[in-house]
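To start, the structure itself, in C-alpha cells.
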Amino acid sequence: MLRAYRARGLLVQGMRMQILSLVMLDEAPRRLRLEVTDRLVGAVAVGHGQRLALPRDRASTRVIELRRIGNSWRVASVRGASPRRDGR
C-alpha cells in the first residue's frame, strides 16, 4: 500500500499504532507472551498540493512472544490470536 502511494508521488505521514489492549499471557525469566490488540491510525498522504486522510485500520489481535537475549528483548514470533474463551 505504501509503495502505491509513493508511485503516485504521495508521502504517507503521521502513521502510528494505537494499542487498544495488552494482556500478559505468560511470563518466564527470559520469555514473555503478550496478546496485543492494535490498529493503525493517524496516517495522511501528502503531495501535489493534496493532503488526504487515510482510513483507520481495523483492530487486529496478535500473540507476540519476546525472548531475552543478553540485555535485550527480541521478537521471537508473532501470530494471529485465537478468540479467547473468557470473552475478552
Side-chain angles (χ1 to χ4, degrees):
M1 180 178 89
L2 294 175
R3 284 188 189 115
Y5 284 114
R6 191 163 124 188
R8 292 172 38 201
L10 300 171
L11 177 65
V12 176
Q13 299 176 335
M15 188 169 28
R16 66 185 195 289
M17 295 304 291
Q18 178 183 39
I19 297 175
L20 303 171
S21 170
L22 178 93
V23 177
M24 175 98 61
L25 299 176
D26 187 34
E27 180 180 12
R30 302 191 75 74
R31 183 175 60 86
L32 296 173
R33 278 188 346 118
L34 309 170
E35 181 182 83
V36 179
T37 301
D38 58 15
R39 67 180 173 189
L40 189 63
V41 296
V44 293
V46 296
H48 308 299
Q50 298 177 336
R51 182 175 177 83
L52 307 168
L54 302 181
R56 284 186 177 197
D57 188 20
R58 286 195 287 176
S60 49
T61 302
R62 290 174 279 284
V63 173
I64 301 171
E65 183 173 321
L66 302 172
R67 298 259 175 171
R68 185 140 178 110
I69 300 173
N71 292 324
S72 300
W73 288 96
R74 307 288 177 151
V75 176
S77 68
V78 178
R79 63 177 175 77
S82 302
R84 290 171 46 154
R85 293 188 180 166
D86 62 7
R88 288 192 281 172

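Rounding to the nearest 0.5 Å gives a distance of 10.5 Å between CD of Q13 and CG of L54. Separation of atoms CZ (R33) and CZ (R67) is listed at 10.5 Å; rounding is to 0.5 Å. A distance of 9.0 Å separates CG of L20 from OG of S60, quoted to the nearest 0.5 Å. Between the CZ atom in R58 and the CZ atom in R39 there is a gap of 12.5 Å [rounded to 0.5 Å]. The CD atom of Q18 sits 9.0 Å away from atom CG of D38, with the distance rounded to the nearest 0.5 Å. One finds the CG atom of D26 at 4.5 Å from the CZ atom of R31 (value rounded to the nearest 0.5 Å).
Under a hydrophobic clustering in which Ile, Leu, Val, Met, Phe, Trp and Tyr are joined whenever their side-chain heavy atoms come within less than 4.5 Å, directly or via other members, V44 and L40 fall into different clusters. There is a path of hydrophobic side-chain contacts, each under 4.5 Å, that joins I64 to L22. Tracing side-chain contacts under 4.5 Å through hydrophobic residues (I, L, V, M, F, W, Y), one never reaches V78 starting from V63; they form parts of separate clusters. Criterion: ILVMFWY side-chain heavy atoms under 4.5 Å apart, direct or through other members. Under it, V41 and V12 are not part of a common hydrophobic cluster.
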Exercise. Verify side-chain contact (heavy atoms from CB on, under 4.5 Å) between M15 and L2, making sure each step is shown before the conclusion.
Key: CA-CA 11 Å; M15 188 169 28; L2 294 175; 3.8 Å; yes
Exercise. Verify side-chain contact (heavy atoms from CB on, under 4.5 Å) between L11 and R6, making sure each step is shown before the conclusion.
Key: CA-CA 6 Å; L11 177 65; R6 191 163 124 188; over 6 Å; no
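In this structure the side chain of V75 reaches within 4.5 angstrom of the side chain of L66, judged on heavy atoms. Inter-residue side-chain proximity for R62 and V36 is flagged as unmet; no heavy-atom pair is nearer than 4.5 Å. Residues M24 and L34 are in side-chain contact: their nearest non-hydrogen atoms beyond the backbone lie under 4.5 Å apart.
No more than 12 heavy-atom neighbours from other residues, nucleotides or ligands sit within 6.0 angstrom of CD1 on I19. The 12-atom threshold is exceeded at CZ of R30, counting heavy atoms of other residues, nucleotides or ligands nearer than 6.0 Å.
Annotation for E35 and A81: closest pair OE2-CB, 4.0 Å, computed over non-hydrogen atoms. Between P29 and W73, the closest heavy-atom pair is O-CH2, 4.0 Å.
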